Amino acid sequence: MGRDIKKSEVIPLPPPVEKGGRGDLTLDLSVNIAGIELKNPVMTASGTFGYGEEYAPYIDLNRLGALVVKGLSLQPKQGNPPPRIVETAAGMLNSIGLQNIGAGVFIEKKLPFLRKFDTKVIVNFFGDSIDEYCEVAKILDSVDGIAGLEMNISCPNKEEGWLEFGTNPDLTFRVVNAVRKSTRLPLIVKLSPNITDITIIAKAAEDAGADALSLINTLSGMAVDVNTRRPKLGNVIGGLSGPAIKPVALKMVWQVFKSVKLPLIGIGGIMTAEDAIEFMIVGASAVQVGTANFVDPQASIKILDGIEDYFERNEVKNVKDMVGNLRV
Amino acid sequence: MGRDIKKSEVIPLPPPVEKGGRGDLTLDLSVNIAGIELKNPVMTASGTFGYGEEYAPYIDLNRLGALVVKGLSLQPKQGNPPPRIVETAAGMLNSIGLQNIGAGVFIEKKLPFLRKFDTKVIVNFFGDSIDEYCEVAKILDSVDGIAGLEMNISCPNKEEGWLEFGTNPDLTFRVVNAVRKSTRLPLIVKLSPNITDITIIAKAAEDAGADALSLINTLSGMAVDVNTRRPKLGNVIGGLSGPAIKPVALKMVWQVFKSVKLPLIGIGGIMTAEDAIEFMIVGASAVQVGTANFVDPQASIKILDGIEDYFERNEVKNVKDMVGNLRV
Amino acid sequence: MAKILYNKQILPAYYQLGIRWENLPTIEPGQFVMLRLTKYIDPLLRRPFGVYKILGQGARGKGQGIEILYKVLGKGTRLMTNLKPDDEVDILGPLGNSFSAHSGKTNVIIVAGGIGIVPFYLLAKRFKKVRLLFGGRSKDDLPGLDDFKKLKIDIEVSTDDGSRGKKGLVTEIIAKQLSGNSLIYACGPQGMLKEVARIADKTGIPCYVSLDKAMACGIGACLGCAIKVKGQGPWVKSQENKSAIRNPQSAIYKMVCKDGPIFDAREIVWEEI
Amino acid sequence: MAKILYNKQILPAYYQLGIRWENLPTIEPGQFVMLRLTKYIDPLLRRPFGVYKILGQGARGKGQGIEILYKVLGKGTRLMTNLKPDDEVDILGPLGNSFSAHSGKTNVIIVAGGIGIVPFYLLAKRFKKVRLLFGGRSKDDLPGLDDFKKLKIDIEVSTDDGSRGKKGLVTEIIAKQLSGNSLIYACGPQGMLKEVARIADKTGIPCYVSLDKAMACGIGACLGCAIKVKGQGPWVKSQENKSAIRNPQSAIYKMVCKDGPIFDAREIVWEEI
Ligand SMILES: Cc1cc2nc3c(=O)[nH]c(=O)nc-3n(C[C@H](O)[C@H](O)[C@H](O)COP(=O)(O)OP(=O)(O)OC[C@H]3O[C@@H](n4cnc5c(N)ncnc54)[C@H](O)[C@@H]3O)c2cc1C
Ligand SMILES: Cc1cc2nc3c(=O)[nH]c(=O)nc-3n(C[C@H](O)[C@H](O)[C@H](O)COP(=O)(O)OP(=O)(O)OC[C@H]3O[C@@H](n4cnc5c(N)ncnc54)[C@H](O)[C@@H]3O)c2cc1C
Ligand SMILES: Cc1cc2nc3c(=O)[nH]c(=O)nc-3n(C[C@H](O)[C@H](O)[C@H](O)COP(=O)(O)O)c2cc1C
Ligand SMILES: Cc1cc2nc3c(=O)[nH]c(=O)nc-3n(C[C@H](O)[C@H](O)[C@H](O)COP(=O)(O)O)c2cc1C
Ligand code: FES
Ligand code: FES
C-alpha cells in the first residue's frame, strides 16, 4: 500500500523577463557590509525565504546581494502550535516559534545547494543561552560557503528568567561579546524594535564587537477571533511584519544611524524599490526584504531593478552616496 | 475691501438613519470606568475629534459613551511646522505637535457647547513639567461639565532632559502622583507604546493613584520622500496610528490587563465593531476610536451599533462579561 | 499576470472563475494555486485555491487555463467577486502534492463537504468508477454538483436541512458504503474531516484528506501552515482496534502547502488540528 | 453613498467624474469634498477634491450631482480611474470656504495651473467679465479648457513646452494684464502660487489663492493641514513697497480644510509653505 504521499513536482513560474543590457551599465550597486562584499544591497530576510532553495524555482538567486536563511539553533526546533500566521491590516503576525532544522542539518543538507549560487549566504541564528549562541557560531564558523552571521537577539534567555537578550543592554553586550570571540565570520546583530530606546542596544552591540546591525525584527502583537474569543495565534502573541511596520522601522534605522558608526541593514515592510530607498536615505547600507517575498516571490528582484532605475534616473553613482543622506 | 474670507456654512451630511427600537431593548451597554458612568463603552480618541464641535454636524454626539477632546496645555500651543500628516500603509503618521488652544480658552469657548450634550466629556491634557501638569489639572478640576481627565504622558519633560514622562516608571509615578493630588476628578493615564515593557509603566501609574489606564498612544515612526530626500513630516518623526497598529495595541492591552487591576480603555486602529470587541476580549472595559473618525465621521456610531448587534447575537448581557474573557 | 476569462456566480455564495494561463504546466488533482488579488496592500497576502478544472485541456494554444471554484467568505473572496473578463490576477503555482493512488482498491469513495468539492473534479475523472458523497448545509452549498453529474459517477447527496438529498451530515452516510476494498478521499470542514478520519481509522480503510490552513508563502518557506503529524517511526497496528499508530511523542510539524495539502488521515494529530 | 454617473478620461492624465448626489446642498465656488475611495484600508484616508461643476443645477430632482475633475497622481486617483457607472463612493462635504468678492474690482483675473483650474468653473460663472490665464506643462495639461471656452470668457493659454498657447510659464503673462482695478484668484502648483502672490504683493493687487495640503479629516479636527499665516495684528502698508505686512512674530497656523482652502495671499507665510 502506497503509504507515502506522492509529491508532485512543483512547476516553477515562467522565469523573470531578462533585463537586457544591465551588464553593460557602469552602475555600481556593490556595497561592503561588515566585510562582506555584496554585489548589491538587496537581501532576503530571515524566516521569509526558507533556506533559499524554496525560492530557487521562482527567482534567480544569483541576482540577490545576499540571502539570509531561517534562524538556526543548535538542535532542531519544532516551533509553536498552529495557527501560526494571521493576516492583519497591511501586515501579518507570525508565531512560527523559530522552527528550524538545526545548524548541523543545515550545513549538511541545505548549504551544498546554496554554494552553487553566486550569492552571499548569511546565516541567521539564535540560542536560549549565551553558551548556545556561541556553540552555534562556532559550528558555522568552520564551514565553507557562509559569508557572515546574523544574530537574532530577540530571543528569551533561559538563564535570566526568559528575559529577551535584545531588550537589555547588558545582556546584549554579553551575548554579542561572547559570540564575537567564537567566530571570525562577519557578525551582524539583528535588533528588536520592542524597546524604549533602540540606540542603547545598538551601542551595546557596537561596543561588544558587532560588525553591522540589522533592524528591525518584528513588533510584538496579537489578534483575536471575536467569534471563538480565542487568540488567532496558537502562541497567543506573535511578531508583526509587513508594510504596517515600515514607519516604525524607518524611524529606528534613522535613530540608530545617528548614534552608532556601524553599517546598518534596514528591514521592515519593504515592498517596493521606493521603500528600500527610504531606508537607504535614513541610513541603511543594505536592506532585507521579508514579508514581501510571500506576496510576490520576485519582490526582491523587482526591488533591485527599481533601485537600479532610481540610481540611473537620479544619477546616483553608488550606494554610499545614498546612505543617510536625508535632508533635514 | 472685504479682507475677511467669507466662510461658507458647512452643510452636514444627511443624519444617520434612525435605528428603530434600540431604546426598547433591555441591552445594557453601560460601564463605569474610573468612577465615570458611561452609557456605552465607545469614546472618541484625543486629537482625532477636535473639541467635539467639529463632528457635531456629522454625528449625534449624544450617542457616544464619552468624547475625549484634543490634548490641552496651560498655554495655547502652536504645534509643529507642516507637513503634519502623511498616510502610510493602513495607517497615518502625525506630527501635529500637540497644537491646542490652552485649558483656559477651552473652558471658556468650547466647553459650553459640549455641556449641551448628554455625553461625558473627558479632557486630555499634558505639560512639559510636573508643575504644568498639576496646574492644568487644577484649572480643569474647578469647572462644570468635565467628567474626567486623561493624562497624556507621552510628552517630553523639560526638567529631565526632555525624557518622556511615560517611558520611565519613576517619572510616571511622580507626575501621576502629583496630578492625583491636584484634582478630585477621575484620572485616566494614557500610556505610550514606545516602551520595552508597558506593564512597568502601567503599574507605576496604578501605584501613583490613577483610576484607569488608556492605551495605546501612537507608535513613533517616520516616512521619507524619495524624490526630495526629505522627511515627509516637518517634524521628521511623528506618531503612527490606524489599523496598522492594532495588533500591537491589542497585545499591550492584554499584557496590562494581566498585570494591573485598573479598568482599561483600549485604543489603536479600531475601525469596526469587531476591532472594538477584540479589545474588550483582551481586557478593555471601553474603547476609543481615533483615526477611524477621519475615514468615516460616523465610525464611532457604527462601531457602537455593531457592538450592540454583537451583544444581542451572542447574548452578552453586559460589558463586564466581555472584558478580558479571552480563551487561552 | 493571467487574464480572467469569466467569473460566474453559480450559487448565492459560490463563483466559478476562469483564468487564462498560457503554457499551462501539468497540474495534478489536488494541487492548488496562490492568487494575488490586488496591487494594493489590502488584503496583503495571497489566497490559496484549488484547481477545480483545467480549461482547454489537450488542445494546445488558445483557451488554456484553469477554473477556480470559490466560496465568498471574507475580504479576499469578496474582492474576487468584482473580477471581470480581461482583469488580471497573479497566479503562483501549481503548488502542493496530489492524491495517492492505491492499486487494488476498487471501491473509491470521495467525501466532500461544501467547497471541499474542489479537488475532486480532476480526481474523479481519473477513475473509471468512483462514488461521491457530497454534503452541504443546504442545496445552496453543493457547488459543482451539476459538473459531477455530467461525469456520470455515483453520487449521494446530503444536506443539513434536507433541502436536497438525504437530510443530515454527509458523514452519516459513509459507513454503509465501506467495504474491504474501499479507499476514501475527503475534503471539507474540519469537523467533517475528523469524523471521516475516525471512521476510516476504526474500519482500517485508507483515507486521504485535503487540509485547509491559512498560508502566507504557499511554498514551504514561512513555516506558517503547520499541522502536527505523528512521528516518523514505523506504523504499528494497534492491538485493540485496527488503527495504525505511531509514537505520538515524536510528533512533528508538517507544512500543508508543501507536504500537503493532502495527507494520510492516520498521520494527522487530529486533537491538535 | 453616492452613485457614479460617469468617469470620462478627457486627457491622458485627467478624468471627469460625475457623481449623483441626492438633495444636493448649496455648494459655493472653491469648496471641496472628501471622497472615500474604497471599503478596504488601502488607501486609508479620504482624498480632497474640488467641486468642478454642479450637475442638473436648478432642475430639482433627477440628475442632481457634482462633477469632479481629477488628475491621476498616486494610489487614490489611480483607483478612481476604475470607477464605473453605478459604483458607489462616500462623499463628505461640501467643505471649506469660498472666494471673497470685492466690489469695485472689475478686472477679475483667474490664474490657473493644470489641475488648479478646478475651483474656477463655478467661480467664472458668477462673473459677467473675467479673464482666465491658464497654464500647463503641455497641451495635455489644460484640463477643462473646452468647458471654459463655452463660457465665452477671455482666455489666455500658456504651456511650458509651447504645445499650445504662449510658450512659457503662466506667471509670465500676468503682469501686462494688471490694472488698478484688478483682482486675482489663483490655484495651481506651489511655485506658481508663490510667484503670483509675489506679483500681487508688489503691485498691491488683492489676490486669493486656493491651497492644496494633505488632509486627514477635512473638517478642522485633526489639525493636520496646517499652513503658517501671519499674525492677527492689523494690516500695515509697508513704506518701501505697496505690500501689506503684519508682525511675523505672531504667526500662527491655520487649517487649509476649515480656514481655507482659499486664503488672502498676503496672509500666508510663503517661505514656510
Ligand atoms: C490548499 C487550499 C486550497 C483551497 N482551495 C479553495 C478553493 O478551491 N475554493 C475556495 O473557495 N476556498 C479554498 N480554500 C480556502 C480559501 O483559501 C479561503 O476561503 C480564503 O483564503 C479566504 O479568504 P478571504 O480573504 O475571503 O477570507 P478572510 O477575510 O481571510 O477570512 C474570512 C473568514 O474565513 C476564515 N478563513 C481565513 N482563511 C481561511 C482558510 N484558509 N480556511 C478557512 N477559513 C479561513 C477567517 O478566519 C475568517 O473567519 C483553500 C484553502 C487551502 C489552504
Ligand atoms: C482642497 C483640495 C482640493 C483639491 N481638489 C482637487 C481636484 O479637484 N482635482 C484633483 O485632481 N486634485 C485635487 N486635489 C489634490 C488631490 O487631493 C490629490 O491629488 C490626491 O489626494 C492625491 O491622491 P493619490 O492617492 O492619488 O496620491 P498619493 O498616492 O497620496 O500621492 C501621490 C503623489 O502625490 C503627492 N500628493 C499627495 N497628496 C497630495 C496633495 N494633496 N497635493 C499634492 N500632491 C499630493 C504625494 O506626495 C505623492 O508624490 C485637491 C487637494 C485639496 C487639498
Ligand atoms: C514568517 C516569519 C518568520 C521569521 N523568522 C525569523 C527568524 O527566524 N529570525 C529572524 O531574525 N527574523 C525572523 N523574521 C523576521 C524577519 O526577518 C523581518 O525582520 C521582519 O519580518 C520584518 O521585515 P518585513 O516587514 O519585510 O517582513 C521572520 C518573519 C516572518 C514574517
Ligand atoms: C492627528 C492625531 C492627533 C492626536 N493627538 C493626540 C493628543 O493630543 N493627545 C493624545 O493623548 N493622543 C493624541 N493622539 C493619539 C490618539 O488619541 C490615539 O491614541 C492614537 O491615534 C491611536 O488610535 P487610532 O489608531 O484609533 O487612531 C492623536 C492621534 C492623531 C492621529
Ligand atoms: S504557507 Fe508558508 S510554509 Fe506553508
Ligand atoms: S484635514 Fe484635519 S484639520 Fe484639516
Side-chain angles (χ1 to χ4, degrees), chain A residues 86 88-93 164 166-168 192-197 201 219-232 236-240 242-255 269 271 273-282 310 314 322 325-328, chain B residues 86 88-93 164 166-168 192-197 201 219-232 236-240 242-255 269 271 273-282 310 314 322 325-328:
Chain A
V86 54
T88 65
M92 62 178 280
L93 285 164
E164 268 190 31
T167 56
N168 177 299
S192 161
N194 301 301
I195 184 108
T196 310
D197 184 352
I201 306 295
L219 280 167
S220 236
M222 75 185 281
V224 176
D225 183 322
V226 299
N227 296 316
T228 61
R229 299 197 333 260
R230 283 186 202 283
K232 285 189 177 172
V236 186
I237 287 171
L240 182 64
I245 70 169
K246 191 184 72 169
V248 175
L250 280 169
K251 179 240 168 189
M252 289 186 167
V253 171
W254 175 235
Q255 277 186 303
M271 302 291 286
E274 282 209 2
D275 295 336
I277 290 161
E278 281 191 79
F279 276 91
M280 292 185 188
I281 292 173
V282 297
Y310 179 93
N314 293 278
M322 284 304 296
N325 69 357
L326 183 71
R327 294 165 62 189
V328 275
Chain B
V86 55
T88 65
M92 63 178 279
L93 285 165
E164 270 190 30
T167 56
N168 176 299
S192 161
N194 301 300
I195 183 108
T196 309
D197 184 351
I201 306 293
L219 279 168
S220 239
M222 74 184 283
V224 177
D225 183 322
V226 298
N227 295 315
T228 62
R229 298 197 334 260
R230 282 185 203 283
K232 285 189 177 172
V236 186
I237 286 171
L240 183 65
I245 70 169
K246 192 184 71 168
V248 175
L250 280 170
K251 178 240 168 188
M252 289 186 167
V253 171
W254 175 237
Q255 275 186 302
M271 303 291 286
E274 282 208 1
D275 296 334
I277 291 161
E278 280 190 80
F279 276 91
M280 293 186 189
I281 293 172
V282 297
Y310 179 94
N314 293 278
M322 284 303 296
N325 69 357
L326 183 71
R327 295 164 63 190
V328 276

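Note on naming: letters A, B, ... go to the chains in the order of the sequence lines (proteins, then strands), and numbering restarts at 1 for each one. Keep in mind that this is a model prediction, so the values were computed, not measured.
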Student: Within the side chain of A:Arg229, is there an N or O that forms a donor-acceptor pair under 3.5 Å with the backbone of B:Ile281?
Tutor: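 Checking the backbone N and O of B:Ile281 against the side chain of A:Arg229, no donor-acceptor pair under 3.5 Å is found.
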
Student: Closest heavy-atom contact between B:Ser220 and B:Asn194?
Tutor: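 Smallest heavy-atom distance, with atoms named: N-OD1, 2.9 Å.
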
Student: Go through the atoms of B:Met271 and report whether side chain, backbone, both or neither lie under 4.5 Å from a heavy atom of chain A.
Tutor: neither

Student: List the residues meeting side chain to side chain contact (heavy atoms under 4.5 Å, CB included) with B:Thr167, not counting sequence neighbours, and say none if there are none.
Tutor: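 Listed in chain order: A:Thr196, B:Leu163, B:Glu164, B:Ile195.
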
Student: Chain A heavy atoms under 4.5 Å from B:Leu93: which part of the residue, side chain, backbone, both or neither?
Tutor: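 Contact with chain A: side chain only.
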
Student: Which atoms of B:Asn325 are under 4.5 Å from chain A, going by heavy atoms: the side chain, the backbone, both sets, or neither?
Tutor: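 For B:Asn325, backbone and side chain are both near chain A.
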
Student: With a 4.5 angstrom heavy-atom cut-off, is it the side chain or the backbone of B:Thr88 that approaches chain A, or both, or neither?
Tutor: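 Only the side chain of B:Thr88 comes within 4.5 Å of chain A.
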
Student: Nearest 0.5 Å, what's the CG-OG distance between B:Leu219 and B:Ser192?
Tutor: 8.0 Å

Student: Could you tell me which portion of A:Leu326 (side chain, backbone, both or neither) has an atom closer than 4.5 angstrom to a non-hydrogen atom of chain B?
Tutor: both

Student: Sort out for me which of B:Gly269, B:Pro231, B:Gly91, B:Pro193 touches chain A most, counting heavy-atom pairs under 4.5 Å.
Tutor: B:Pro231

Student: So which of B:Val282, B:Val226, B:Val236 has the biggest tally of heavy-atom pairs under 4.5 Å with chain A?
Tutor: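 Of the options given, most contacts go to B:Val226.
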
Student: Donor-acceptor pairs under 3.5 Å, side chain of residues 242-254 of chain A to any protein atom, not counting sequence neighbours: which ones?
Tutor:
from	atom 1	to	atom 2	distance (Å)
A:Lys246	NZ	A:Asp275	OD1	2.7
A:Lys246	NZ	A:Glu278	OE2	2.6
A:Lys251	NZ	A:Gln255	OE1	3.2

Student: Among A:Met280, A:Lys232, A:Glu274, A:Met322, which residue forms the greatest number of heavy-atom pairs with chain B at distances under 4.5 Å?
Tutor: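 Top count of heavy-atom pairs under 4.5 Å with chain B: A:Glu274.
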
Student: Measure B:Phe279 against the heavy atoms of chain A and call it side chain, backbone, both or neither at under 4.5 Å.
Tutor: neither

